[in-house]
Amino acid sequence: MSTTAERVSAPAPRVPAPSPSTRWSVLELLPPLAVVLLGTVLLLPGHGLWFDELFTAEVGRRPYGEILAAIVEGRGTTSYLADVPPSYNAPWYFVVHTWLLLPGTGGDVSLRVLSLLATAGGLAAITRAVTRLTSRAAGVLAGVVLAASPLLLEQAVEARPYGLAVLATGGALLGLVRWLQRAPRGLLLFGVAGAGMGLAHWYAATVLAAFVVTALLLRGLRAWPVVLTGAAAVLPVVGLVGVNLLNGTGARNADHLRDTEGTLADLAVEAWAGGLRPLLFLTVGLAVLGALRGAGARVVGICWVLVPLGLLQLAEQLRPVYLPRYLLAGLLGLGVLAAVGALAAPRVARAPVAGLLVACSLVASSPLAEREPRERADDVVALLAERHRAGEPVVAADQRSATGLDHYVRTTAPQLQADVVLPPDDAPATADRVWLVRRAIRGEVVSTDDDDLLLDAGLRVVDEHAFDASKTDLLVQLWER
């Protein structure tokens with residue numbers, strides 16, 4: 001097999017232009033088609049949106065100017081989200097609003113399809129880049145391995161910005177590879193996509209740093225255009241972080257992060273493998289083989305894995321930083337390096353090892369096809385639409401309940417709109433029948449001010465319906481005098 005990169009240890013390493021055997025082929029469509037197919041299977045149950053996705057739907061429907069004002073001022077876009085501004089991953093909401101301007105994109109599924117299509121585009125770019133660096137077989141295998149990854153698939157079918165992060169990462173990698181091979185406009189693609197990486201998700205900026213280190217290792221001082229372009233590309237995300245610090249929302253998501261006590265790399269690899277131990281060991285073993293013997297892409301792969309993990313390990317000395325999905329852009333490099341390692345095995349073992357890697361990835365992802373809904377606000381509204389009588393208040397007792405109730409009443413049961421009461425408004429004490437929608441955490445009902453108001457007014461719970469889910473448990477109570 002011919003290669004397109006010299007050993008990193010050689011003086012003045014270079015990556016020549018791609019050979020005719022690595023020109024674009026229809027086979028390179030296999031990874032994006034695979035992720036679309038697998039993602040469609042995951043979307044078929046039609047589960048309703050959960051809080052993070054509902055937040056996307058709420059903010060994304062607002063005009064551009066209102067979204068921008070909420071970001072800059074650090075405030076929410078509606079009363080019950082007053083303390084939850086769309087400052088994190090802010091560009092995502094502009095993309096969503098633009099997407100929703102297209103015909104036929106107003107439903108829940110369309111928001112998830114946007115993320116899935118972005119992921120598919122990212123895998124297409126990664127496949128093309130790895131193909132140019134090594135061979136078509138390695139590029140296609142790398143793309144398929146990523147498409148089958150449980151961590152990537154889970155995020156690809158949710159209405160959140162991780163699909164955009166994958167797309168931007170793939171674009172930046174392809175731009176870097178084109179620059180290494182002296183193709184025109186490679187540096188421009190690297191800069192534009194590199195800026196998009198950090199704007200899609202802050203942690204993806206660590207991968208941008210990895211790509212700059214790659215250029216330095218391969219080209220030395222001649223990599224100064226990539227260094228300068230990378231420095232310019234990181235400025236937008238620095239500005240976004242600055243906005244969040246100035247508007248007081250810089251640490252709002254800190255409670256979700258975990259201190260790994262030095263085991264961040266171990267937990268990251270376990271998350272990539274979906275907790276399946278055979279896949280974990282196989283991936284790490286093949287990644288090591290790819291780092292030692294993988295021609296063409298080994299320098300990119302090594303930097304892609306080690307630089308983000310190293311930077312995050314350093315950051316963890318100051319504060320917790322770990323959340324599996326936050327590391328997605330960096331862990332893509334692990335999948336690429338493992339695929340390269342599979343094709344660095346002895347010739348007779350390449351096909352079986354590659355097949356085993358893909359098969360284990362699919363096995364690790366298979367539980368996603370049977371996962372329960374994360375939240376059932378759509379079922380809550382369906383129940384209310386069936387049993388509610390005109391004039392009976394429908395009260396959301398907390399923020400999460402309000403987000404789901406507001407969305408699904410607006411989109412599926414507008415006849416309830418006049419009777420919906422959202423925070424900070426309390427349940428009316430004058431009504432004889434009140435429907436109260438609230439959260440339950442591990443089976444315990446979350447108390448609110450509405451309980452005291454209704455009890456003092458002489459109302460009691462006469463019926464209740466539980467809507468358990470994997471992320472948020474909701475409870476619908478009927479109170480009567």
For A342 and V353 the tightest heavy-atom approach is CB-CG1, 3.9 Å
* Under 4.5 Å between any side-chain heavy atoms of L54 and Y408, yes or no? -> yes
Practice item. For the pair E372 (side chain) and A469 (backbone), establish whether a donor and an acceptor sit closer than 3.5 Å, ignoring hydrogens and angles. Key: no
Exercise. So, W50 and T472: side-chain donor and acceptor under 3.5 Å apart, yes or no?
Worked result: no
Salt bridge (charged side-chain N to carboxylate O under 4.0 Å, His left out) pairs touching residues 137-159, sequence neighbours excluded, are E154-R374, E158-R160, E158-R371, E158-R374
Check: Can we say D108 and R112 salt-bridge, meaning some charged N sits less than 4.0 Å from an Asp/Glu carboxylate O?
Finding: no
Test item: Y88 side-chain N/O and W202 main-chain N/O as donor-acceptor pair under 3.5 Å: no
Given side chains that start at C-beta, do those of L240 and P91 come closer than 4.5 Å, heavy atoms only? yes
Using atom types as modelled and distance alone, determine if a side-chain donor or acceptor of S365 lies under 3.5 Å from a backbone N or O of L362. no
(request) Flag the pair L111 / L100 as yes when at least one side-chain heavy-atom distance between them is below 4.5 Å, and no otherwise. (result) yes
Whether over 12 other heavy atoms sit under 6.0 Å from L221 CG:
no
Does any non-hydrogen side-chain atom of V59 lie less than 4.5 Å from one of V96? no
Please check: side-chain N/O of Q317 versus main-chain N/O of Q313, any donor-acceptor pairing under 3.5 Å?
yes
Exercise. Is the closest side-chain donor-acceptor distance between E58 and T403 under 3.5 Å?
Worked result: no
query = Do E316 and R319 sit within salt-bridge range, that is, some charged N less than 4.0 Å from a carboxylate O?
reply = no
Heavy-atom closest pair (A172 atom, A193 atom, distance to 0.1 Å) is N-CB, 3.2 Å
message: So L141 and V358, do their side chains get closer than 4.5 Å, heavy atoms only?
response: yes
Closest non-hydrogen atoms of A297 and V340, given as atom of the first, atom of the second and distance, are CB-CG2, 4.0 Å
Sequence neighbours excluded, the answer for ring pair (Phe, Tyr, Trp, His ring centres under 6.0 Å) partners of Y203 is H201, Y326
Taking every heavy atom of A215 against every heavy atom of L176, the minimum-distance pair comes out as CB-CD1, 4.0 Å
Y64 meets the ring pair (Phe, Tyr, Trp, His ring centres under 6.0 Å) criterion, sequence neighbours left out, with H97
Give a yes or no answer on whether the side chain of E375 reaches the backbone of G404 with a donor-acceptor pair at less than 3.5 Å. no
| request: For side-chain contact (heavy atoms from CB on, under 4.5 Å), just list the numbers for F190 and L180, CA-CA rounded to whole Å, side-chain angles, deciding distance to a tenth of an Å, and then say yes or no. | output: CA-CA 11 Å; F190 175 75; L180 289 170; over 6 Å; no
The reported gap from CG in L332 to CD1 in I126 (rounded to nearest 0.5 angstrom) is 5.0 Å
Note: M197 and A168 closest approach over all heavy atoms is N-CB, 3.5 Å
Legend entry - Stepwise side-chain contact (heavy atoms from CB on, under 4.5 Å) check, T169 with F211: CA-CA 10 Å; T169 301; F211 292 162; 4.3 Å; yes
Output for pair (L114 CG, L164 CG), nearest 0.5 Å, gives 6.0 Å
Note to self: Keeping R350 on the side-chain end and L343 on the backbone end, is there a donor-acceptor pair under 3.5 Å?
What the structure shows: yes
- Query: Would a distance-only check, ignoring hydrogens and angles, find a side-chain to backbone donor-acceptor pair under 3.5 Å from T229 to L187?
  - Reply: no
Close side-chain approach of Y322 and L327, heavy atoms under 4.5 Å: yes
Using a 4.5 Å cut-off on heavy atoms from C-beta on, say whether the side chain of T283 contacts that of V269.
no
Non-hydrogen side-chain atoms of D378 and R376 separated by less than 4.5 Å:
yes
For the side chain of W304 and the backbone of A329, is there at least one donor-acceptor N/O pair under 3.5 Å apart? yes
Between the CG atom in N89 and the CG atom in D52, the distance rounded to the nearest 0.5 Å is 10.0 Å
query: Would you say S135's side chain and A138's backbone share a donor-acceptor pair under 3.5 angstrom?
result: yes
Margin query: Using side-chain contact (heavy atoms from CB on, under 4.5 Å), reason through Q399 and L81 one step at a time and then give a plain yes or no.
Written below: CA-CA 7 Å; Q399 189 179 76; L81 294 172; 3.9 Å; yes
- Is there a donor-acceptor pair under 3.5 Å between the side chain of W92 and the backbone N or O of T56? no
| said: Checking L146 against V166 for the side-chain contact (heavy atoms from CB on, under 4.5 Å) test, could you report, in this order, the C-alpha distance in whole Å, the side-chain angles of both residues, the deciding distance, and whether it holds? | reply: CA-CA 10 Å; L146 299 186; V166 173; over 6 Å; no
Shortest non-hydrogen pair, C303 vs L217, comes out as SG-CD1, 3.6 Å
